[in-house]
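Remember, it's a predicted structure, so these values are computed and weren't measured experimentally. Lettering of chains follows the sequences in order, A, B, ..., and the numbering in each one begins at 1.
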Amino acid sequence: MLWSRYFVPTTKETPKDATAASHILMVRAGLVRQLAAGVYSYLPLGLRALHKVEQIVREEMNRAGAIELRMPCLTPLSLWEETGRDATMGDVLLRLAGPAGDWRSGLVLGPTHEEIVTEIARAYLSSYKQLPINLYQIQAKFRGEARPKSGVLRTREFLMKDAYSFHVDKASLDAEYENMYAAYCRIFARAGLPFLAVEADTGAMGGDVSHEFMVLTEAGEDVVAISESGDYAANLERATAAPLPRAAAAAAPAPREVHTPNAGRIDEVCAVLGTQPREMIKTLIYTTVVPPPAPGQKPARKQRIAALVRGDHEINEVKLNRAAGQPLELAEPAVIEEVTGAKVGFAGPQGLVERIDRLIVDREVATLPSGATGANRSDYHVVGVVPGRDFPLAGPQVIVADIRSVVDGDPSPTGSGSPLRLRKAIEIGHVFKLGTKYSDAMGAKFLDAGGKAHPLIMGCYGIGLNRILAAAIEAHHDADGIIWPMSIAPFEALVIALDPRESEVVQVSQRIHDELAAAGVEVLYDDRDERAGFKFKDADLIGVPLRIVVGKKSLAAGGVEVSERRTPGQKRVLAPDAAVAAVVERVRAERAALVEAGAAAGRKRG
RNA sequence: CGGAGUGUAGCUCAGCCUGGCUAGAGCGCUUGGUUCGGGACCAAGAGGUCGCAGGUUCAAAUCCUGUCACUCCGACCA
């Protein structure tokens, strides 16, 4: 491929407003161009890399026994109504605009395809003899993200590999889950990504067990908790710690009110009381989420729930919702004032149970010998509040559970005592055990050997292909540009003709290019009539792994220079034939190494 | 959705506060010349309804109102 005849719009300027390294480099290297918020065109170089990722994913999914199909992007709203996700997904679901009754208003752009594949399953998967089966596709997804960001890391249109498996029983699902887990390890290892599998929350997908595949980087939006010893890793949404050491119980005098004027925040109260945040009990008032009432109906009553966490801890709403068994939202100030009889910032658990529907106590609060908390009276706090004495830890209205987010340094829940560290990460893949959520809702059943009908048991497995590119760049770049792993590089080798006016330089460059191409190496040939520095800068920027520089100087020194992008200083001068052989050998070795890394990752995890 | 900010050439920006002549710079692009191993230089060019609509004014990139788009922080998020 001749650079002069190809399309590689590199730029020297850093794009305005881009902060993530991958975003800056993808734009500067001419991989992508933004068209609208969260909407990107893939330019030729970007598309080549994306195709490579796609091919790795396809090969490994096929190897794992999954079967490719293709479902449409346009999907009928009625299917989403069958599972209720037209409501639960809310604005994420992009609906086509049209007048009421128009066919357009009955269509939505697919954000994920559980409903669509389940529609296929209920039509065709009617016998246990067809099971298990795993169907997948690689296809554009559309989501009404409120705030796209960080280049292609969070977009409204993106490319996803989504797979759905169907089973007769839990054991079969478990086996396929492990199979997919291993396949994912192979995929990410082959793509050259330093990845990590973590326990995850199942979110709106439903189901009970899930793992996310993460790449650690500051540009990521997720936070993962990883133990230093490596024995535990989980998304912060789900991460739990071993119970903290219990403080010695001192003599517990009766609670005492203290005047704390205008001190509503924890730090303000601590300043007045002279206590530490970890000796405080934070009381947060939540209400259940009630759907808007049908016309003419009264809205359902919102339940009121108080949640307690230690003053130095943050409440984890994912865990809280799980403990409550339903989604909750922070109560309006008016509700808080009504419940506590005080202005916001002075709530406490004493005497609160009678005025609320439920009390959810974090287990680290339950083990406090005593604490300071709001007095349910404006401008007053109470010290010496003893859990179990001054507010209940048991009873029909009370739940004690882990509802806080872990903090850096908490002990690993495995019991190893290894401290947890919090790191930012990009989610590149997610595997779920769905169970029968969709098959139940949509009536997707199979007949067993005895002729009895059962709902299909499902799993689902997603990979964000665009995110793999961005994550690879986040993980592999330097100040000069991208350093592609061989497996997903848009080109494997770059031939640079430094003096294109010298006929010998051109002849040698062209011959090396042709021989590499004939040997199956994906090679780009920079034949442009530009100065050396200009071409070197572009070469560094687009990050092709192997470089062959042909110039008057190198020819005078006996040949051409061969170097690798990842080790800029190391150059070898070889005769042209030897250079071709060396590059072919290097490409083969590197391809094999990544496939082997994938296989090893798969064996280890599987 | 809440908060903040930005829209002027393909890209990065100046000009706006304090209205005034033909709207500027750098990069990129075209032509000619010089240069040629780490983003060269000279000269001559092409390229802009100053996001859009309305208003104020003798006069609007500049002031006012509305609107759209984009970015950042937060909320939300398979």
Side-chain angles (χ1 to χ4, degrees), chain A residues 9-20 23-24 27-28 30 33-39 80 83 85 88-93 110-115 141-151 153-156 158 160-164 200-207 210 212 221-222 235 237 289 317-318 321 327 329-330 427-432 434 437-438 460-464 467 479-481 496-502 505 526 528-542 547 549-557 560-561 563 568-569 571 573:
Chain A
T10 58
T11 70
K12 197 157 54 171
E13 310 268 7
T14 297
K16 178 177 63 167
D17 296 330
T19 51
H23 185 193
I24 292 169
V27 173
R28 284 197 53 211
R33 177 177 169 80
Q34 182 178 354
L35 183 62
V39 182
W80 299 87
T83 59
R85 287 214 294 181
T88 57
M89 296 195 81
D91 292 337
V92 170
L93 214 49
T112 174
H113 282 239
E114 284 77 15
E115 280 80 355
K141 294 286 185 278
F142 299 86
R143 292 189 189 174
E145 293 289 354
R147 190 150 102 75
K149 60 180 288 194
S150 301
L153 280 179
R154 183 165 211 77
T155 55
R156 292 188 173 140
F158 57 97
M160 177 160 132
K161 187 286 299 175
D162 46 324
Y164 307 89
D201 188 71
T202 50
M205 299 297 300
S210 92
E212 287 167 338
E221 292 186 85
D222 282 279
N235 192 306
E237 293 175 346
V289 178
E317 296 199 350
V318 173
N321 291 348
E329 59 189 0
L330 270 175
E427 176 192 347
I428 50 173
H430 203 159
V431 293
F432 297 83
L434 290 177
K437 172 175 166 156
Y438 296 92
C460 82
Y461 320 91
I463 290 178
R467 280 185 176 179
D480 293 317
I496 302 177
L498 273 195
D499 306 286
R501 293 154 311 281
E502 296 285 327
V505 167
D526 190 350
R528 296 174 300 171
D529 186 9
E530 294 286 353
R531 292 161 65 88
F534 186 90
K535 292 172 146 186
F536 286 139
K537 288 290 184 189
D538 262 355
D540 290 342
L541 183 58
I542 69 169
R547 182 182 306 178
V549 176
V550 185
K552 275 189 296 192
K553 276 193 184 176
S554 73
L555 291 177
V560 302
E561 287 165 11
S563 63
K571 296 176 193 164
V573 177

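Across all strands shown, A/Pro500 has no heavy atoms under 4.0 Å from either base or sugar-phosphate atoms. Across all strands shown, A/Ser554 has heavy atoms under 4.0 Å from base atoms, whether or not it also approaches the sugar-phosphate. Here A/Glu221 lies out of heavy-atom contact (under 4.0 Å) with every strand. If you check every strand for non-hydrogen atoms under 4.0 Å, A/Phe158 touches a base. Note on A/Ala18: nothing from the nucleic acid sits closer than 4.0 angstrom, heavy atoms only. Among the heavy atoms of the strands lying under 4.0 Å from A/Glu317 are primed sugar atoms or P, OP1, OP2 only; no base atom is included. Residue-level contact check: A/Asp538 touches the bases, meaning some heavy atom is under 4.0 Å from a base atom.
Of the C1' atoms belonging to B/rA9 and B/rG15, the separation is 15 Å, rounded to the nearest Å. Of the P atoms belonging to B/rC73 and B/rU35, the separation is 50 Å, rounded to the nearest Å. The separation of B/rA53 from B/rG2, taken at their C1' atoms, amounts to 27 Å, rounded to a whole angstrom. When the P atom is used for both B/rC68 and B/rA40, the distance is 45 Å, rounded to whole Å. The separation of B/rC58 from B/rC13, taken at their C1' atoms, amounts to 33 Å, rounded to a whole angstrom. Spacing between B/rU6 and B/rC42 at atom C1', rounded to whole Å, works out to 37 Å. If you take atom C1' in B/rC63 and the same atom in B/rU18, they sit 11 Å apart, rounded to whole Å.
Nearest nucleotide to the A/Ala146 side chain, out of B/rG37, B/rA75, B/rG10: B/rA75. The side chain of A/Arg547 lies closest to B/rG38 when the candidates are B/rG37, B/rC70, B/rG38. Counting only heavy atoms from C-beta on, A/Val549 has its side chain closest to B/rG37 among B/rC11, B/rG37, B/rU71. Candidate nucleotides B/rU12, B/rG37, B/rG39 were compared by shortest atom distance to the side chain of A/Glu13, and B/rU12 ranks first. The side chain of A/Arg147 has B/rC73 as its nearest neighbour among B/rC73, B/rG37, B/rC11.
When atom types are taken as modelled, the side chain of A/Asp499 and the backbone of A/Lys552 share a donor-acceptor pair closer than 3.5 angstrom. A donor-acceptor pair is defined here as one N or O able to donate and one able to accept, closer than 3.5 Å; no such pair exists between the side chain of A/Lys535 and the backbone of A/Leu498.
Across the strands present, B/rG7 finds its partner in B/rC68; the criterion is a Watson-Crick or G-U wobble pair with both atom distances under 3.5 angstrom.
Taking side-chain N and O atoms only, A/Arg531 has no distance below 4.0 Å to OP1 or OP2 of B/rG38.
Remark: A/Glu114 does not engage A/Lys437 in a salt bridge, criterion side-chain N to carboxylate O under 4.0 Å.
Side-chain to base pairing of A/Glu530 with B/rG39: no donor and acceptor N or O lie closer than 3.5 Å to each other. Between the side chain of A/Arg28 and the base of B/rG39 there is at least one donor-acceptor pair of N/O atoms closer than 3.5 Å.
Along RNA chain B, the nucleotide nearest A/Met160 and the nucleotide nearest A/Asp540 are compared for position; the residue whose nucleotide lies closer to the 5' end is A/Asp540.
A distance of 8.0 Å separates NE2 in A/His430 from CG in A/Asn235, rounded to the nearest 0.5 Å.
The shortest non-hydrogen separation linking A/Ser150 to A/Ala20 is CB-CB, 4.3 Å. Considering every non-hydrogen atom in both A/Leu541 and A/Arg28, the closest pair reads CD2-O, 3.3 Å.
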